[in-house]
Amino acid sequence: MVYVVWVVSLNEAQQRAVRHRGGPLLVLAGAGTGKTRVITHRVAALLDEGVPPWRILAVTFTNKAAGEMRARIGDLCGPEMARAGMWVGTFHAICARVIRRHGHLVGLGPNFAIYDTADQKAAMKRVLKAQNVSDRAYRPVGILAQIDYAKNRGAGPEDLEELGVEEPLLSVVKRAWAGYERMLRAADAADFGDLLVLTVRLLKLARTSQDPLAEDAAALFTRFQHVVVDEFQDTNPVQGEIVGLLSQNAELCVVGDDDQSIYGWRGADVAQILRFPDRHPGCETIRLEQNYRSTTHILDCAEAVISRNQDRLGKSLWSDLGEGSKVVVSRLDDERSEAQWISSQVAQRVADGESPHEFAIFYRTHAQSRALEEALRAAGVHYRIVGGTRFFDRAEVKDVIAYLRILVTPHSDLDLIRVINRPARRIGAKTVDTLLGYAASQQISLFEALKHAQSAGLKKAAASRVTAVAELLASLREEVRDVAIDEQARLVVERTGYLEALANEDTIDADARLENIQEFIGSMGEFLEQSPEASLAEYLEMVSLSTSEAQQDARECITMMTVHSSKGLEFDHVFMSGMEDRIFPHVRAIDDRDEMEEERRLAYVAITRARRRLAISFTNRRFLYGDHQVNPPSRFIGNLPRTAIHELGRSSRRSTTLRAKPQVESTWDDDIVLDPDVDLSEEHDEADYDDRPAVPLYVGMQIRHAKFGIGDLVGWSGSGDSMRLNIRFADRGMKTILARFCEPL
DNA sequence: TAGGGTAAGTTTTTT
DNA sequence: ACTTACCCTA
């Protein structure tokens, strides 16, 4: 049997996780311990034992993970097994599927639209406007964030107070939430949070309702024999509830790593995995601790950082890949020197024959990427940045999507508002407002209102322009009926005059947009190849739920990204940049124990991405957000075991807020020790990193300046690196000097 | 209706 | 410092 072959390739703990049957199972899978293998093998084993595919549910967090899982199950059992009715998908995709089928229970039609962040924002803006709330005083995204957070905690408007929202924001959010909800339901739309919340509502209704229609949905409670959830540490309470509902008659296996829970700020609750054993009587916990990815110096660093956390189930990684290279800890002068150091390291290794694909640079916030980009460009290293704007978020692509969505969900007012004047049809804001007013008074959608332009009170000329759009859309719907979806899109851009208008612009920008549209239509073609029977609604759902970016640069690139985006990836060479307190850990996490623990997990995630080499760098000062900052080295650096690291750069023994600086503008190479064999670790002292003493300033204290000599401090202004000192020198009189060029005595 | 001037924002991101 | 979003003007 094939099964035997699998089993020998798994270690003992992995085998137990694959074979465990009969009760709830928690697999605590440390970084790089073969988590995905365990999940796929477990599913494959179930199929092998005769569990029908359709009785298995596997939930992941990203589409990418879902796709990989499907592919790997296909590899093990044959693609037909992976397809035959098995549910493999993200929480949101699975919820969308449930709602498509049974949405009538919660007021949604089978073709309901899914609003992404941009749609949500547009909707909220309109709601606030209608409620006469100044979107200056209350930013739409801010209100949406509150609502979304609440939804992900399974809370409703009435729970906002408990979640810590205070007046006057509280009543604004409450009212906005109600209006927003009404708007979405009227448009037959749901946002991401709704997908989860409404699924819970729907399932609960199905359980209690006598409605024969609900019985159909109730079949979901007995459908699944096995439920597997990946990345369980990132589930939020609502997702937990969904898992509970769908697995009430199934064996539940959750897989995750409490040490890698880094999405608490968007509603994920690490308690979900921490308390899983308590909440599930008879639960067995299996730890996967053998790491197949990293050498031990790297793992020792990871361990040293994460072991300081209190809220964890506890496990420790080991590996038999040998010690490997020490983790390099490098102090640089500023962010530009840091970027140059990193890019020279990369360039050198690439010149030695390493593949650029094997290099990654991480940073805590996007804002830090600039200096790195500049240095890499100067060094001629190609790079790509993960996590820019989504392809599907580009204006022209969104326009086409809006048209397509109107074809599927005509009542989606927002989409119609978006494109009613694209290309320009001389239908301005005023006309739209009139139509919206009419639609509201008649309780009809904007789409319907278009047909009654005259009754809506529009002047003849405006009315005829509006009627023309109504006719255009109507004929488009007809035309598109029995055509493949990519052809539908092609018809849309053609019949609406969208293509023509862009072509007439004849600018580089317009050409780029035309290309994007072509690419978009091309992506529909690809989608069709995957699933030839796909409907437009299905394609649109994929778009709403996906993050796929435009085609990647074919060149050999290194990768830059935030630490968050690095989760799940691995590289031979990893550079962690900007490792300073207040940057990483982030300043907003420093005073809060729970958030501090999340930063620590984040650091753990970053460290464990590296296979062979890890370099951690920090700077004496940094220019960020338009200001100079002087931050101590990250406290996480202070945690690293001395035996596992190799330090480069100047000692910081004398470091204070005022430190002598060379007069000459320093370049990176006079500030660091180039010879990697010069080990400065004898100068290392943990306290060095954790609390660098700041020298208190007082009027009258003595200050030394390299050129002017010693003088008396008379006063000062500013702070951080832009702090200026007023000093009286005996022979030169008063001078105002940047504090960083001075040294206190 | 585009483009300029201004004000305010800037942790992390999926779906 | 730099982006983004909005309002206003030409």
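Bear in mind that the values here come from a model prediction, so they are computed numbers and not experimental data. The sequence lines fix the lettering, A, B, ..., with proteins before strands; numbering per chain opens at 1.
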Closest listed nucleotide, where the reference is the side chain of A:His366 and the choices are C:dA1, B:dT13, B:dT11: B:dT13
Residue met sooner reading DNA chain B from 5', once A:Leu602 and A:Arg425 are mapped to nucleotides: A:Arg425
Sugar-phosphate only, base, or nothing, as touched by A:Lys125 at under 4.0 Å among non-hydrogen atoms: sugar-phosphate
A:Leu195 backbone acceptor or donor facing A:Thr199 side chain under 3.5 Å: yes
Interatomic distance at C1', C:dT3 relative to B:dT14, whole Å: 23 Å
Row check, A:Tyr263 ring normal vs A:Arg266 NZ/CZ: under 6.0 Å, within 45°: yes
A:Arg370 side chain, from C-beta outward: closest of B:dT13, B:dT10, C:dC2: C:dC2
Distance test, side-chain N/O of A:Arg139 to OP1/OP2 of B:dT10, below 4.0 Å: yes
For atom CG of A:Asp627 and atom P of B:dG9, their distance in whole Å: 17 Å
Same-atom distance (C1') from C:dC6 to B:dT11, integer angstrom: 25 Å
Interatomic distance, A:Glu374 CD vs C:dC2 C1' [rounded to whole Å]: 12 Å
Geometric class of the A:Tyr539/A:Phe527 ring pair [parallel <30°, tilted 30-60°, perpendicular >60°]: perpendicular
Ring centers of A:Phe636, A:Phe584 separated by less than 6.0 Å: yes
is_close_aromatic(A:Trp265, A:His586), centroid dist under 6.0 Å: no
A:Trp265 ring over B:dT12 six-membered base ring, under 5.5 Å and 30°: yes
Gap in Å between the two C1' atoms, one belonging to B:dT12 and one to C:dA5, rounded: 22 Å
Sugar-phosphate only, base, or nothing, as touched by A:Phe61 at under 4.0 Å among non-hydrogen atoms: sugar-phosphate
Gap between atoms CG and P, on A:Leu144 and B:dT13 respectively (whole Å): 18 Å
Sugar-phosphate, base or nothing in reach of A:Tyr263, heavy atoms under 4.0 Å: sugar-phosphate
Rounded distance (Å) that lies between atom P of C:dT3 and atom CG of A:Leu624: 13 Å
OP1 or OP2 of B:dT13 under 4.0 Å from side-chain N/O of A:Ser565: yes
Whole angstrom value for the distance that separates C1' of B:dT14 from CE of A:Met561: 16 Å
Among B:dT13, C:dA5, B:dT11, the nucleotide that comes nearest once only the side chain of A:Lys121 is considered: C:dA5
Gap between atoms CZ and P, on A:Arg126 and C:dC6 respectively (whole Å): 13 Å
Residue met sooner reading DNA chain B from 5', once A:Leu195 and A:Asn421 are mapped to nucleotides: A:Asn421
Candidate list A:Gln120, A:Arg185, A:Gln131, A:Arg126, test side-chain contact (heavy atoms from CB on, under 4.5 Å), partner A:Tyr180, passing option: A:Gln120
Stacking of A:His564 on B:dT12 base (centres under 5.5 Å, planes under 30°): no
A:Ile262 CD1 - B:dT13 P separation (whole Å): 9 Å
For atom NE2 of A:His586 and atom P of B:dT10, their distance in whole Å: 10 Å
Donor-acceptor pair under 3.5 Å, A:Arg266 side chain vs B:dT14 base: yes
OP1 or OP2 of B:dT14 under 4.0 Å from side-chain N/O of A:Thr90: no
